[in-house]
Chemist: 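The following block contains the structure, expressed as structure tokens.
Convention: sequence-line order gives letters A, B, ...; per-chain numbering from 1.
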Amino acid sequence: MGVGIEVKDLNAWYGANHTLHDITLNIPANQCTALIGPSGCGKSTFVRCLNRMHETTPGAKVTGSVRIGDVDVYNGSSPVEIRRRIGMVFQRPNPFPTMSIYDNVSAGLRLNGFRNRKALDEIVERSLKQAALWDEVKNDLKKKSGASLSGGQQQRLCIARALAVDPEVMLMDEPASALDPVSTSKIEDLIFELKSQYTIVIVTHNMQQAARVAERTGFFLNGRLVEFDSTHKIFTNPSDKRTEDYITGRFG
Amino acid sequence: MGVSAIDVRAAINQPSIFRLVQRKIFNSAGWGLCGLTFLLLGSAMVWILKMVFVRGAGALNLKVLTHIQIGVAGGLLNAIEGTLVLGVGGLILSVPPGIAAGIYLSEYDGGWLAPVLRFMSDVLVGVPSIVVGYFGYVTMVATLGWGFSVAAGSIALAMISLPYITRTSEVAFRQVPRTLREAGFGLGCKPGTVIMRICLPMATPAILTGVLLALAISVGETAPLIYTAGWSSFLWTGHLTKEPMGYLTYAIWAMITEPQRSAHQLAYAAAFLVTLFVLVISVIARVVTFRRSGWGQHA
């Protein structure tokens with residue numbers, strides 16, 4: 001089951017570049033939360049701070065606190081432990097090209113030392129079914145490379161790979177921005193299915209997408225969280241003038 | 001401003017006569033230089049290959065491959081064995097540290113050690129191989145008392161191969177897209193797991209190319225071996241030290257300076273074998289590099 005995320009006074013830097021300023025928000029469990037905003041507003045950096053991916057970039061720095069469930073992300077836990085509890089899906093599908101479909105889905109388990117063949121078989125099947133990819137690949141599980149699939153299939157493979165480690169939170173950094181409309185709608189259906197079991201945070205450029213999949217939406221601008229409220233409120237009656245300007249297409 | 005898109009288009013579509021002549025001159029000069037270089041290198045290579053293959057193939061027979069050398073006659077079995085043993089020995093000693101250094105340079109770049117390591121590696125490429133040989137003689141053969149031996153010869157070859165393997169490994173690891181590392185980290189993999197289980201398989205074809213080229217270079221080396229492996233007309237009995245070793249490049253050099261026809265025959269046969277071996281390795285390396293493009297669908 002998913003857990004909630006509490007973020008307090010989060011600041012992030014890339015070298016001397018201060019990219020996130022005093023972000024404080026609570027992301028509810030078992031719901032989908034969308035983060036919108038123009039390019040470079042810090043929304044991707046924000047989700048990368050949640051699973052300590054931000055610090056893998058040379059020169060990156062983070063201050064403030066993040067709690068995911070009962071775990072204090074930046075105090076007393078290792079990045080490896082944190083990332084095992086948080087799945088991440090990236091903007092461009094990034095299956096491991098030297099691995100088969102089966103190996104891709106089971107990578108998170110196998111690479112971390114889990115070897116039970118029978119359990120792996122079950123988890124691979126379950127994850128691929130959850131990601132709505134099972135029927136398309138079940139005959140080529142060990143024959144085909146993950147890179148031989150189409151872009152949309154690759155992204156669902158990446159979602160299956162993230163689901164296989166049974167995370168409590170799924171972070172999706174513009175998961176559909178490199179995909180065509182059909183693949184995009186499949187990913188959105190998937191998010192809809194998954195949010196009953198996982199806490200989902202999705203970064204998106206596409207405001208309709210946010211409106212379709214998310215219960216709550218946050219609007220970022222210039223490294224600051226301008227407004228965070230129910231999706232309905234953000235898109236129909238935002239309290240901040242800048243949010244209104246953005247969603248009505250006056251800039252960004 | 002006075003320049004419009006129409007002016008720019010006109011300038012591109014109808015260049016001045018001066019421009020056209022200038023282009024023609026540079027174009028033909030470029031093509032001329034390319035052709036000249038190709039002719040120079042191509043004819044040299046064809047000439048060498050023709051001499052080695054025609055005279056070598058004529059000298060090659062079953063006896064050359066199955067008998068050891070007796071004086072200035074007999075076969076090259078001892079030299080073939082020596083070249084293979086020394087080549088493989090050099091690889092065993094240079095591949096693990098070379099890949100490790102490549103991983104360090106690519107993945108842990110940032111401290112003061114990486115530039116120093118890269119500089120030393122570049123210097124090592126520039127050291128003449130005979131100096132490596134003499135260094136091996138002074139340290140291993142004389143001071144450590146190993147005598148002419150497989151150990152000293154392999155270590156000398158490893159010193160020559162190491163910088164090539166380090167550099168190709170570094171480049172190979174740098175070519176692995178960052179997004180794949182992030183995918184690994186996102187699954188909760190430790191940095192070591194990401195390097196060994198995700199990056200290494202991606203980098204393997206490129207590393208293999210470097211390893212094969214290093215092998216080709218060591219198979220073609222004579223100078224470092226003269227001082228370290230010495231020479232022997234007998235088969236290897238398996239001792240790592242105090243047992244000299246034959247190898248093909250020495251056979252070429254030693255036999256071609258002898259007056260007898262049988263000696264010349266052996267020299268050409270040895271030259272043929274070395275050239276063939278290097279050629280085969282180079283072709284395999286090319287094929288491996290080419291095949292890699294099949295995996296390269298990930299942007």
Side-chain angles (χ1 to χ4, degrees), chain A residues 44 47-48 50-59 77-99 103-114 145-151 154 157-158 161-167 170-173 178, chain B residues 99 102-115 118 169-209 287-299:
Chain A
S44 284
V47 290
R48 291 169 63 86
L50 298 182
N51 68 343
R52 299 188 63 169
M53 190 64 86
H54 179 63
E55 67 203 58
T56 63
T57 317
S77 4
S78 81
V80 169
E81 284 169 48
I82 298 297
R83 294 182 197 131
R84 283 185 191 170
R85 308 178 60 162
I86 303 176
M88 189 163 200
V89 178
F90 299 83
Q91 184 172 359
R92 302 198 53 137
N94 53 358
F96 300 124
T98 54
M99 293 184 195
D103 286 348
N104 260 288
V105 178
S106 57
L109 296 162
R110 284 184 306 107
L111 299 185
N112 293 326
F114 187 84
S145 149
S148 68
L149 300 173
S150 75
Q154 285 188 19
L157 178 65
C158 293
R161 181 175 67 185
L163 292 174
V165 290
D166 199 22
M170 282 284 268
L171 306 176
M172 299 185 160
D173 188 358
Chain B
I99 293 177
I103 289 174
Y104 180 80
L105 289 175
S106 157
E107 309 296 312
Y108 298 89
D109 195 3
W112 56 273
L113 195 57
R118 210 172 282 132
S169 302
E170 182 190 349
V171 171
F173 270 89
R174 280 190 190 280
Q175 279 170 349
V176 176
R178 212 193 127 64
T179 53
L180 292 182
R181 289 165 223 257
E182 290 193 340
F185 286 130
L187 292 170
C189 296
K190 296 191 180 92
T193 312
V194 171
I195 291 170
M196 297 309 288
R197 306 280 300 273
I198 293 168
C199 298
L200 186 61
M202 290 283 294
T204 300
I207 295 174
L208 200 60
T209 312
V287 171
V288 168
T289 324
F290 182 71
R291 276 252 199 87
R292 186 155 49 110
S293 48
W295 276 125
Q297 293 150 351
H298 184 86

Chemist: Measuring heavy-atom distances to chain B, does A:Arg110 have an atom under 4.5 Å in its side chain, in its backbone, in both, or in neither?
Modeler: both

Chemist: Flag the pair A:Arg161 / A:Met99 as yes when at least one side-chain heavy-atom distance between them is below 4.5 Å, and no otherwise.
Modeler: no

Chemist: Should A:Leu111 and B:Ile198 count as side-chain neighbours, where that means a heavy-atom distance under 4.5 Å?
Modeler: yes

Chemist: Side chain, backbone, both or neither: which part of A:Phe96 has an atom under 4.5 Å from a heavy atom of chain B?
Modeler: both

Chemist: When you check the gap from the basic side-chain N to the acidic O, do A:Arg85 and A:Glu81 get nearer than 4.0 Å?
Modeler: no

Chemist: Just so I understand: if I count every heavy-atom pair under 4.5 Å between each of B:Lys190, B:Glu182, B:Arg178, B:Arg197 and chain A, which residue has the most?
Modeler: B:Glu182

Chemist: I'd like to know which of A:Gly113, A:Pro79, A:Gly108, A:Pro167 tops the heavy-atom pair count under 4.5 Å against chain B.
Modeler: A:Gly108

Chemist: Is there side-chain contact between B:Leu180 and B:Cys199, with at least one heavy-atom pair below 4.5 Å?
Modeler: no

Chemist: Heavy-atom cut-off 4.5 Å, strictly under: side chain, backbone, both or neither for A:Ile86 against chain B?
Modeler: backbone

Chemist: Taking atom CZ of A:Arg92 and atom OG1 of B:Thr179, what is their separation to the nearest 0.5 Å?
Modeler: 8.0 Å

